[in-house]
Amino acid sequence: QPDSVPLELGMDSILAIEIRARLARIGCAVGVRDLLGGRSIGAILADAASAGAEAVEPCEPDAVAAHEPFALTELQLAYLVGRSPSVPLGGTGCHVYWEFVTDRELDAGRLEAAWNRLIAAHGMLRAVFTDDGMQRIQPRVPPYRIAAHDLRGGEPEAPLAALRERMAHEVFEPTNWPLFRIETSRDGTGTRLHLSIDLLIIDVLSLFRLLRDWGRLYDDPAATPMAPALTFRDYMVAFQRVRSGPARERALGFWERAMAEAPPAPVLPRARSDADLRAARFTRRRTELPQEGWTRLREQAHACRATPNALLLTLLGATLAHWSETAEFSLNLTVHDRRPVHPDVDRVIGDFTSTILVPVGSDREVGFAGRLRSVSDAVAERLDHALVSGVEAARRFGTPAVRGALAWVFTSMLGYGSVLGHDRRITSLGRLDWGVTQTPQVLLDVQAFEEDGRLVMTWDSVDAAFPDGLF
């Protein structure tokens, strides 16, 4: 209805970005801040119709140049630089390791065949990085073989721990294929699927899509992979054209003003400085909120005209503020940012991640609802200027203290159902049972996602940087 308010209908930031992109394709200018504010749908569309949207030049897939080198994103470049042990908090790859468990015996041949079909369908699964700082999609690669470990007939704990230790903190060589590793183990109760993948080639939303498609191809070998009509290279070429337009100049102007007012990074007790940390190990902590409690929490967020993501980010800020020397600080929010350059862009596998720096902090003076409203407004406003990433904004305009906020990350996978569909499982191949994410030049990465209706929160922290027991 025209008088309905999007937030009261369950609007979240990912859905707002998706709607903004779809409306832009038909020449309708709607901002994320419009969709996440308190205005009605009718008022938003009336303003959008009068404003008009800048034309998005369509992307034409280029089969001739498909395997030529192409430029990195800002975040990919940061990931590559951070691998060097010569930089503070460096010597670490940007990498996710997940274990999925199922009580069924997965067929190794079908699992392997399905994955190789995905490699053929998605160019970034064949990608390598060049010594001069470019990336390239190889036209073909050898068949990938999945190593299998039979842990039955003995005590599985020790060999499982050794397997996990080997894969969980792997640093891939970016010039060599493959930039992933998959193995399976069996302990008599079912199958455990071990997946290690470098985030240079994929973002988390792409990974969720890939895992769902892998499960679909495994369950139905006659199914067809969801291969896009364009490649990540095609997207990046089109994105560079978008970045050369007036929207980028507006975004630069916004971030110059925002960085002048931005609070610094949180200042927590430290045991070691960044300069003393090389090839740091991340430790994962995990907690869950049952479906009933998570439903109530989402309802409370919408009652405050805020998204669940903004609510969790506000809670994280208030929690860190309890130990921070400063009551106000910035956190680094990762965002899903695919530009509407082609109807098939949502099927492309690649690293579309961007970041925004968001001011958060203590709620003692303004109250939690007041802090939540300010964080929600700040997130929406910054999402409308995400054409310039938080990494670039901090590098161009931030002080060293503000740039330090890039090491404090909140990554939310909430709302992915609006893009992927509403299957509550990450993949039909199993339930996510264990995992860890490591990122160069990061001290803390807090992640949120839903599984089977529950809220799952994980904290990946460099414990060596902090006094024992802080986390």
Side-chain angles (χ1 to χ4, degrees), residues 95-119 143-170 178 180-197 202 204 207-223 281-294 413 416 420-438 447-460:
H95 158 264
V96 63
Y97 171 71
W98 283 344
E99 294 178 6
F100 296 90
V101 294
T102 177
D103 57 6
R104 59 176 173 163
E105 297 290 343
L106 296 178
D107 181 271
R110 281 171 57 192
L111 195 66
E112 199 172 84
W115 183 256
N116 278 294
R117 293 177 70 196
L118 291 172
I119 292 173
Y144 185 77
R145 303 303 181 197
I146 297 176
H149 305 274
D150 191 342
L151 308 183
R152 297 171 295 180
E155 297 295 329
E157 290 80 7
L160 176 60
L163 176 58
R164 181 176 293 165
E165 173 65 20
R166 174 170 56 82
M167 294 184 66
H169 303 282
E170 187 163 13
F180 54 81
R181 187 181 308 280
I182 303 169
E183 302 187 11
T184 63
S185 61
R186 300 167 63 189
D187 62 1
T189 63
T191 306
R192 184 174 293 264
L193 179 62
H194 306 258
L195 171 67
S196 169
I197 192 164
I202 195 167
V204 176
L207 183 55
F208 272 48
R209 186 184 299 280
L210 190 70
L211 288 168
R212 288 196 178 182
D213 210 23
W214 192 13
R216 185 178 64 88
L217 296 177
Y218 176 86
D219 293 332
D220 181 9
R281 290 292 188 97
F282 284 77
T283 300
R284 167 154 293 189
R285 294 168 178 84
R286 171 178 169 137
T287 189
E288 297 183 3
L289 186 63
Q291 183 173 355
E292 181 180 353
W294 175 224
M413 287 80 90
Y416 280 10
L420 296 172
H422 291 279
D423 187 339
R424 291 182 172 183
R425 303 168 299 174
I426 295 175
T427 176
S428 64
L429 295 174
R431 172 181 57 84
L432 182 60
D433 182 65
W434 198 91
V436 68
T437 300
Q438 59 184 32
Q447 299 136 40
F449 63 93
E450 289 178 303
E451 189 169 49
D452 294 327
R454 310 181 314 276
L455 171 68
V456 181
M457 296 283 293
T458 60
W459 291 52
D460 292 331

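Side chains are part of it too, since the values below use all heavy atoms of this structure and drop only hydrogens, waters and symmetry mates.
Remark: Thr184 OG1 to Leu111 CG distance equals 7.0 Å, nearest 0.5 Å. Here the OG-NE2 distance, from Ser196 to His169, works out to 10.5 Å after rounding to the nearest 0.5 Å. Distance CD1/Ile119 to CZ/Phe180: 4.0 Å, rounded to 0.5 Å. Rounding to the nearest 0.5 Å gives a distance of 3.5 Å between CD of Gln447 and OG1 of Thr458. Atom CD of Glu155 and atom CG of Leu160 lie 12.5 Å apart (nearest 0.5 Å). The structure places CE of Met167 at 7.0 Å from NE2 of His194, a figure rounded to the nearest 0.5 Å.
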Asp107 and Tyr218: side-chain contact (heavy atoms from CB on, under 4.5 Å), yes or no, with the steps? CA-CA 9 Å; Asp107 181 271; Tyr218 176 86; 3.6 Å; yes
Please walk me through it: do Thr102 and Leu193 pass side-chain contact (heavy atoms from CB on, under 4.5 Å)? CA-CA 8 Å; Thr102 177; Leu193 179 62; over 6 Å; no
Verdict with reasoning, Asp187 to Glu157, per side-chain contact (heavy atoms from CB on, under 4.5 Å): CA-CA 9 Å; Asp187 62 1; Glu157 290 80 7; over 6 Å; no
Val456 and Trp294: CA distance, side-chain angles, deciding distance, side-chain contact (heavy atoms from CB on, under 4.5 Å) verdict: CA-CA 10 Å; Val456 181; Trp294 175 224; over 6 Å; no
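Two residues are said to be in side-chain contact when any heavy atoms from C-beta on lie closer than 4.5 Å; Thr437 and Arg284 meet this criterion.
The aromatic rings of Phe208 and Phe449 sit perpendicular to each other, their planes meeting at more than 60°, with 30° as the lower class boundary. By the 30° and 60° cut-offs, the orientation of the rings of Trp98 relative to Phe100 is perpendicular.
Closest approach of Glu451 and Arg431 over heavy atoms only: OE1-CG, 4.0 Å. Shown here for Phe282 and Gln438, the closest heavy-atom pair between the two residues is CD1-CB, 3.4 Å. Among all heavy-atom pairs drawn from Arg181 and Tyr144, the shortest one is CA-OH, 3.3 Å. Gly188 and Arg152 make their closest contact through N-CG, 3.2 Å (heavy atoms, listed as atom of the first residue, atom of the second, distance). Contact between Leu163 and Glu183 at its shortest, heavy atoms only, is CD1-OE1, 3.2 Å. Here the closest non-hydrogen pair linking Leu455 and Ala448 is CD1-CB, 4.3 Å.
Using a 4.0 Å cut-off between a side-chain N of Lys or Arg and a carboxylate O of Asp or Glu, Asp150 and Arg186 do not qualify as a salt bridge. In this structure, Arg104 pairs ionically with Asp219, as a charged nitrogen and a carboxylate oxygen lie closer than 4.0 Å.
A search for side-chain hydrogen bond (donor to acceptor under 3.5 Å, both in side chains) contacts involving Arg216 returns Asp213, not counting sequence neighbours. The salt bridge (Lys or Arg N to Asp or Glu O under 4.0 Å) check on Glu112 picks up Arg145, with sequence neighbours excluded.
The one candidate from Asp460, Ile202, Leu207 that meets the side-chain contact (heavy atoms from CB on, under 4.5 Å) condition with Val96 is Leu207.
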